[in-house]
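Right, one structure below, let's go through it.
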Amino acid sequence: MDHARRPLIAGNWKMNGLAADAEARGRDLAGRTRAGDAPPCDWLVCPPATAIPVVVAAVAGAPVAVGGQDCHAAASGAHTGDIAARMLADAGCGYVIVGHSERRADHGEDDAAIAAKAAAAHAAGLVAIVCVGETEAERDAGRAHAVVARQIAGSIPAGATAANTVVAYEPVWAIGTGRTPTVDDVQAMHAHIRGCVPPSIDAAALRILYGGSVKPGNAAALLRLPDVDGALVGGASLVVDDFWAIGEATR
Ligand code: PEP
């Protein structure tokens with residue numbers, strides 16, 4: 001971790017819990033950040049869409065941002081069931097995750113679709129967290145760096161900057177499995193990503209998160225890597241003690 005880039009600890013709550021659970025989790029996290037001696041990181045939580053308003057209210061006044069888990073590329077229109085980026089902004093979000101591997105797999109989203117979503121996020125004033133990552137077969141075939149370079153080239157829209165974009169490297173095979181790449185592999189991939197982002201992005205200022213089975217027990221080893229600027233956390237972000245412990249690992 002390079003402390004010139006303030007680490008971001010982001011929780012992706014996925015499709016878990018009801019509004020009351022999310023509100024309680026948000027309130028607990030906000031209370032900890034207000035209690036003094038909080039770790040030197042930015043906090044973000046991405047609740048299910050229906051819980052965004054209660055979480056925004058629960059963290060009001062605390063240094064905890066709220067984000068969406070996806071957005072549509074269009075600003076409005078006949079897209080039943082979708083959410084526009086500006087609706088997320090209107091609800092109090094500052095961020096949106098785009099291109100999570102579960103969206104790529106479950107909804108057939110390709111790089112071009114993800115770039116369009118990230119562009120919509122930027123137009124709405126949101127920071128887009130653009131997810132990339134190889135499958136296990138791609139890593140085993142020695143293609144991980146090439147796959148991620150292709151995803152970076154295709155998923156980051158024109159005009160993206162280090163201020164409106166965060167990249168999350170999430171190897172598909174590490175998500176929810178308890179498995180992680182070696183720290184050497186993580187550092188090598190993050191340095192690779194920093195080297196291949198488009199020229200509109202100041203690569204030295206870009207925050208690149210690692211995601212995939214981050215837990216309190218492995219967070220320090222991952223977060224101390226020079227090109228790891230935080231974590232995108234799934235399962236462990238649902239338990240505030242664990243999420244907080246991951247943030248503590250940024251000290
Ligand atoms: C994720 O889905 O973004 C993720 C990183 O999940 P987990 O931490 O549960 O592996």
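Order of appearance sets the numbers: ligands from 1, and atoms from 1 within every ligand. Quick caveat: nothing in here was measured; it's all calculated off a predicted structure. For the single chain, residues carry numbers from 1 onward in sequence order.
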Give the ring-plane orientation class for Trp43 versus Trp244, where under 30° counts as parallel, over 60° as perpendicular and anything between as tilted.
-> parallel

Which atom pairs, donor and acceptor, lie under 3.5 Å between side-chain atoms of residues 51-71 and protein residues at least two apart or in another chain?
residue, atom, partner, partner atom, Å
Gln69, NE2, Lys14, O, 3.0
Gln69, NE2, Cys46, O, 3.0
Gln69, NE2, Pro47, O, 3.2
Asp70, OD1, Lys117, NZ, 2.8
Asp70, OD2, Arg103, NE, 3.4
Asp70, OD2, Arg103, NH2, 3.4
Asp70, OD2, Lys117, NZ, 3.2

Nearest-0.5 Å distance, CD of residue Gln187 to CG of residue Leu222 | 11.0 Å

Taking Tyr95 for its side chain and Ile97 for its backbone only, find out whether a donor-acceptor pair lies under 3.5 Å.
-> no

Are any side-chain N or O atoms of Asp229 and backbone N or O atoms of Ile208, one a donor and one an acceptor, separated by less than 3.5 Å?
-> yes

Under 3.5 Å: donor-acceptor pair, side chain of Arg5, backbone of Ala204 = yes

Which N/O atoms of ligand 1 sit under 3.5 Å from a protein N/O, and at what distances?
residue, atom, partner, partner atom, Å
ligand 1, 2 (O), Lys14, NZ, 2.4
ligand 1, 2 (O), His100, NE2, 2.8
ligand 1, 3 (O), His100, NE2, 2.9
ligand 1, 3 (O), Glu170, OE1, 3.2
ligand 1, 3 (O), Glu170, OE2, 2.8
ligand 1, 8 (O), Gly234, N, 2.8
ligand 1, 9 (O), Gly235, N, 2.8
ligand 1, 10 (O), Gly176, N, 2.7
ligand 1, 10 (O), Ser213, N, 2.7

